[in-house]
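Structure record follows, encoded as structure tokens.
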Number of protein chains: 2
Amino acid sequence: MANQPTGENCKELQAALDIISGKWKPIILFHLMENETLRFSELQRAIPEITKKMLTSQLRELEYNNIIDRKVYQQVPPKVEYSMSDYGHGLKPLLVSMRTWGFNHLEHLENLYGEDNEKVMEN
Amino acid sequence: MANQPTGENCKELQAALDIISGKWKPIILFHLMENETLRFSELQRAIPEITKKMLTSQLRELEYNNIIDRKVYQQVPPKVEYSMSDYGHGLKPLLVSMRTWGFNHLEHLENLYGEDNEKVMEN
DNA sequence: CTGTATCCCCTTTGATACTG
DNA sequence: CAGTATCAAAGGGGATACAG
């Protein structure tokens with residue numbers, strides 16, 4: 001997220017990529033798009049392999065970018081709910097377009113390199 | 001590009017992201033979208049900060065994914081031309097959508113956090 | 001001119017323990 | 001429950017030298 005030279009032309013594209021790229025952001029976004037609101041622990045259960053640290057940091061980035069809302073209930077034990085923000089819903093069409101293109105691309109790669117080929121591409 | 005858990009749901013989205021994310025791929029793609037064909041050295045001049053190693057590896061990935069074509073002229077000194085493939089042109093609308101969203105998002109961030117704020121976000 | 005081959009660094013991600 | 005703190009590992013990216 002720091003050093004992107006990208007010659008003045010595509011800093012906008014990079015801005016978009018910063019939101020949705022990363023190992024966990026896509027799946028977090030999909031869960032929040034499908035679920036209205038989710039608690040921290042519900043997200044953890046939905047994405048079992050993620051650590052609290054990563055879940056926290058990715059949620060914080062999305063919140064900073066106003067894609068999601070974070071609602072804290074002042075109670076013990078704590079309860080925090082995450083949901084897409086109004087603004088964040090504007091990201092949905094883009095995500096859907098990307099998923100569609102990606103779906104077709106995976107098919108395209110199969111046609112090129114065969115059925116059960118995992119992307120090997122060593123070096 | 002390796003370990004993406006992404007729970008079966010958004011491997012398609014990840015597939016799309018794999019193509020266009022990375023420090024150099026967006027700018028490489030934009031240059032190739034604007035120029036029909038470019039030689040290796042022309043790309044280097046267009047993106048002065050990139051090293052040969054990175055330029056080579058990113059071009060190879062794009063070629064592997066059939067986004068760009070690589071044409072080698074068997075001559076001395078060597079001459080290699082890169083261009084978007086027919087298939088690769090199908091990526092253009094998506095890239096444009098992302099740039100548009102990113103443009104608006106940068107504006108959105110300005111409204112939220114002020115004019116000359118670089119994204120600070122420590123921690 | 002168009003690359004490869006090494007070696008090094010830095011950022012991102014992960015494991016684990018601790019806290020209000 | 002919802003995090004933070006600390007330390008370690010991994011992978012992407014960079015500097016430089018060499019090669020066909």
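Per chain, numbering begins at 1; letters A, B, ... match sequence-line order. All values reported here derive from a predicted model rather than from experimental measurement.
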ask   = Looking at A:T37 and A:E42, what are the two nearest heavy atoms and their distance?
value = O-OE1, 4.3 Å
key: Smallest separation among heavy atoms of A:L62 and A:I19, with atom names   = CD2-O, 3.9 Å
Is atom [atom1] of [X] surrounded by more than 12 heavy atoms (other residues, nucleotides or ligands) closer than 6.0 Å?
X     : atom1 : result
B:Y87 : OH    : yes
B:Q75 : CD    : yes
A:D86 : CG    : no

For [X] and [N], what is the distance between atoms [atom1] and [atom2] respectively, to the nearest whole Å?
X     : N      : atom1 : atom2 : value
B:K53 : D:dG12 : NZ    : P     : 11 Å
A:I50 : D:dG3  : CD1   : P     : 13 Å
B:L55 : D:dG14 : CG    : P     : 12 Å
A:R45 : D:dA2  : CZ    : P     : 9 Å
A:L38 : D:dC1  : CG    : P     : 15 Å
B:F40 : D:dG20 : CZ    : C1'   : 15 Å
B:K25 : D:dG12 : NZ    : C1'   : 11 Å
A:K52 : C:dT19 : NZ    : C1'   : 10 Å

Among [options], which is the nearest nucleotide to the side chain of [X]?
X     : options               : result
B:K23 : D:dG14, C:dT13, C:dT2 : D:dG14
A:Q58 : C:dG14, D:dA2, C:dT13 : C:dT13
A:M54 : D:dG14, C:dT13, C:dT4 : C:dT13
B:V80 : D:dC1, C:dT2, D:dG3   : C:dT2

query = Sub-3.5 Å donor-acceptor pair from the side chain of B:S85 to the main-chain atoms of B:D69, do we have one?
reply = no
ask   = Looking at residues 66-79 of chain A, who's got a heavy atom less than 4.0 Å off DNA chain D?
value = A:R70, A:P77, A:P78, A:K79
For [N], does OP1 or OP2 lie under 4.0 Å from any side-chain N or O of [X]?
X     : N     : value
B:S41 : C:dT2 : yes
B:R60 : C:dT4 : yes
B:R39 : C:dC1 : no
B:Y82 : C:dG3 : yes

inquiry  = In terms of relative ring orientation, are B:F40 and B:Y82 parallel, tilted or perpendicular, with 30° and 60° separating the classes?
reply    = tilted
query = Does B:F30 belong to the same Ile/Leu/Val/Met/Phe/Trp/Tyr cluster as B:L55, with side-chain heavy atoms less than 4.5 Å apart forming each link?
reply = yes
task = Just report the end-to-end axis angle for the helix from C:dC1-D:dG20 to C:dG20-D:dC1, five pairs per end, to 10 degrees.
result = 50°
Verdict with supporting geometry, A:M98 and A:I20, side chain to side chain contact (heavy atoms under 4.5 Å, CB included) = CA-CA 11 Å; A:M98 292 184 66; A:I20 57 186; 3.5 Å; yes
message = Please determine whether a side-chain nitrogen of the Lys or Arg among B:E81 and B:R70 lies less than 4.0 Å from a carboxylate oxygen of the Asp or Glu.
response = no
